Amino acid sequence: MIETVSFTEPHADMNILFLTYQGDIAGSTNSISYLSQGLAEKGHNVIMGCRKESLLYKNLSNSKVGLIPMTFDSRFDVDNMKQIKETVKKHNIQVINAQSSLDRYTSILARWRYQLPVKLVHTRRQVSRSVGGIQNVFYQTGTDKIVAVSDGIKKSLMAKGIKEKNIEVIYNGTPPQKYNNIDPKEVELLKAKFDIQPGDFVIGCVARAKEQVQLLQALAHVNFKAKVIFAGIEETAEYKKIIRENNLKHDIFFEGMVSSENILPYYKIFDVKVLPSKIEGLSQSLLEAMFLKVPVIATALAGNLDLINNRINGLLFEDENIQDLAEVLTAVYHNKDLRASLASEGFKTAQEFSVDRTVNNFETLFTSLLK
């Protein structure tokens with residue numbers, strides 16, 4: 001039997017089941033949480049099937065979203081397929097929205113195996129490295145729509161052979177209210193922790209392990225000293241080797257994983273935020289920095305191109321072009337007017353990417369599929 005937690009069944013326009021085997025510290029976890037809560041707040045009957053030990057489960061435990069612990073042991077997890085079937089039957093689910101690789105498989109297989117009368121939507125939140133061949137046929141025949149969270153992700157899917165008619169672009173968003181209560185004391189504690197003095201230049205990188213190596217390599221080619229803070233990764237032997245071989249004189253800190261409720265004060269001490277990544281869908285960390293008026297620098301790939309208009313609301317650099325990254329870092333360091341302009345325009349952009357728009361667009365898509 002499936003355990004159902006914190007679920008009340010109000011009158012609702014739609015009965016929606018979200019699935020994800022992930023749900024730990026990541027921008028995607030925030031995006032899924034914002035979306036599911038937004039739809040529940042609008043009166044829809046929303047259930048989240050996820051791992052009970054996940055951060056997502058914890059974050060939604062006091063919300064209007066119903067929680068059902070599920071297993072996601074593999075792409076062919078028969079127990080998970082049964083869990084999906086039982087949830088669909090018990091709660092009259094009309095739409096399933098699978099968020100990550102394992103549940104994309106089990107959702108299709110469950111619908112086929114048990115002839116479930118549901119619409120099935122898959123969401124792609126980063127550049128796919130595996131789509132192609134028979135997998136394309138599986139995804140396209142097994143789903144009613146594939147949501148790409150940016151035009152960059154849509155293009156990457158089409159490049160892998162997914163037909164355009166099967167893809168709907170719905171951008172990620174950020175909730176303005178989450179920025180209202182950043183504790184100034186927490187900001188001051190961080191300044192003390194990193195010994196930030198007037199005149200110091202602080203480079204921040206908030207991301208899980210991606211292409212941080214490129215940022216470390218670029219630091220060898222700038223003509224200034226900075227404090228560099230990596231939130232989301234631990235110091236590894238590879239990073240130590242790069243720092244040693246390049247004789248980096250910067251003050252470099254590795255903060256490891258930082259929870260979403262603790263990360264926002266970090267942006268308040270950054271002079272610039274750098275995101276070296278090849279796979280971004282539509283980065284929550286970029287949106288956070290832009291909303292908090294921190295100039296942003298990112299790789300000119302994928303969803304970063306949906307957010308950043310180069311030299312208008314942020315700066316872009318060519319992937320693996322270390323000199324290019326060093327040059328944009330140098331430009332933003334030496335030009336205070338440029339930093340101010342990027343911060344101002346970035347804030348305007350972040351306001352356009354609202355969670356309300358994301359929720360409304362998913363609601364429209366689900367409604368259209370049911371019609």
Side-chain angles (χ1 to χ4, degrees), residues 1-10 12 14-40 44-126 128 130 135 138-139 142-147 149 208 259-260 281 362 366 369:
M1 293 296 293
I2 297 178
E3 175 189 1
T4 303
V5 181
S6 69
F7 178 74
T8 56
E9 194 155 9
M14 287 184 285
N15 301 324
I16 305 164
L17 172 62
F18 286 94
L19 299 172
T20 182
Y21 86 93
Q22 295 177 330
D24 296 310
I25 296 179
S28 59
T29 297
N30 292 335
S31 295
I32 297 166
S33 178
Y34 301 151
L35 172 59
S36 59
Q37 290 186 81
L39 287 167
H44 299 293
N45 180 14
V46 179
I47 300 175
M48 180 66 65
C50 61
R51 293 177 295 110
K52 191 170 185 177
E53 67 274 17
S54 68
L55 176 63
L56 181 63
Y57 191 99
K58 176 184 176 182
N59 288 348
L60 293 175
S61 60
N62 294 315
S63 74
K64 293 182 178 181
V65 177
L67 293 170
I68 295 182
M70 288 190 178
T71 61
F72 298 97
D73 291 335
S74 73
R75 293 176 174 181
F76 308 104
D77 184 347
V78 175
D79 288 337
N80 183 228
M81 295 177 210
K82 291 179 181 176
Q83 292 161 355
I84 293 170
K85 177 196 71 171
E86 290 176 20
T87 303
V88 168
K89 299 291 187 182
K90 181 177 180 179
H91 299 292
N92 299 313
I93 296 299
Q94 299 163 287
V95 180
I96 296 176
N97 186 193
Q99 302 288 324
S100 42
S101 60
L102 299 188
D103 40 277
R104 282 195 281 269
Y105 268 79
T106 57
S107 61
I108 291 176
L109 294 172
R111 185 166 75 157
W112 285 349
R113 181 173 184 174
Y114 300 111
Q115 296 296 297
L116 299 178
V118 297
K119 297 298 182 181
L120 180 55
V121 177
H122 285 181
T123 297
R124 305 300 301 228
R125 297 189 176 277
Q126 64 181 33
S128 173
S130 62
Q135 194 174 40
F138 180 69
Y139 282 143
T143 63
D144 295 285
K145 192 66 71 172
I146 298 172
V147 171
V149 300
R208 292 174 295 160
S259 65
S260 56
F362 267 95
F366 293 164
L369 292 176

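In this text the structure is predicted, and so the values were computed from the model without any measurement. Hydrogens, waters and symmetry mates are skipped; everything else that's a heavy atom, side chains included, is used.
Looking at S63, its side chain does come within 3.5 Å of a backbone N or O of L60 through a donor-acceptor pair. R51 places a side-chain N or O within 3.5 Å of a backbone atom of Q22 that can act as its donor or acceptor partner. Under a 3.5 Å cut-off, the side chain of N15 and the backbone N or O of N45 do not form any donor-acceptor pair. Side chain of R208 to main chain of G27: no donor-acceptor pair is present (N/O by atom type, distance under 3.5 Å, no hydrogens or angles). Listed for the T143 side chain is no donor-acceptor partner under 3.5 Å among the backbone atoms of I146. Distance alone, capped at 3.5 Å, is enough to place a donor-acceptor pair between the Q83 side chain and the T71 backbone.
Minimum interatomic distance between L17 and G49 (heavy atoms only, all atoms of both residues): CD1-N, 4.0 Å. In terms of heavy-atom proximity, A40 sits nearest to V65 at CB-CG2, 4.0 Å. Taking every heavy atom of both residues into account, L369 and K119 meet most closely at O-CE, 3.2 Å. Here the closest non-hydrogen pair linking M81 and T106 is CG-O, 3.9 Å. The two atoms that bring T87 and I68 nearest to each other are CG2-CD1, 3.5 Å, heavy atoms only. Contact record, L39 with F366: CD1-CE1, 4.1 Å, taken as the closest heavy-atom pair.
With hydrogens and angles left out, the side-chain atoms of N30 and S33 include no donor and acceptor closer than 3.5 Å. No hydrogens or angles considered: nothing links the side chains of N92 and Q94 as a donor-acceptor pair under 3.5 Å. Side chain to side chain, Y114 and E86 fail the donor-acceptor criterion of an N or O pair below 3.5 Å. Between the side chains of T29 and D24, no donor-acceptor pair of N or O atoms lies under 3.5 Å.
Note on ring orientation: taking the six-membered ring where Trp is involved, the planes of F138 and W112 are perpendicular (angle over 60°, cut-offs 30° and 60°).
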Checklist entry - What do the steps show when you test R111 against D144 for salt bridge (Lys or Arg N to Asp or Glu O under 4.0 Å), and what is the final call? => result CA-CA 12 Å; R111 185 166 75 157; D144 295 285; 2.8 Å; yes
Checklist entry - Going through the checks in order, is the side-chain hydrogen bond (donor to acceptor under 3.5 Å, both in side chains) test met by S100 and D103? => result CA-CA 6 Å; S100 42; D103 40 277; 2.6 Å; yes
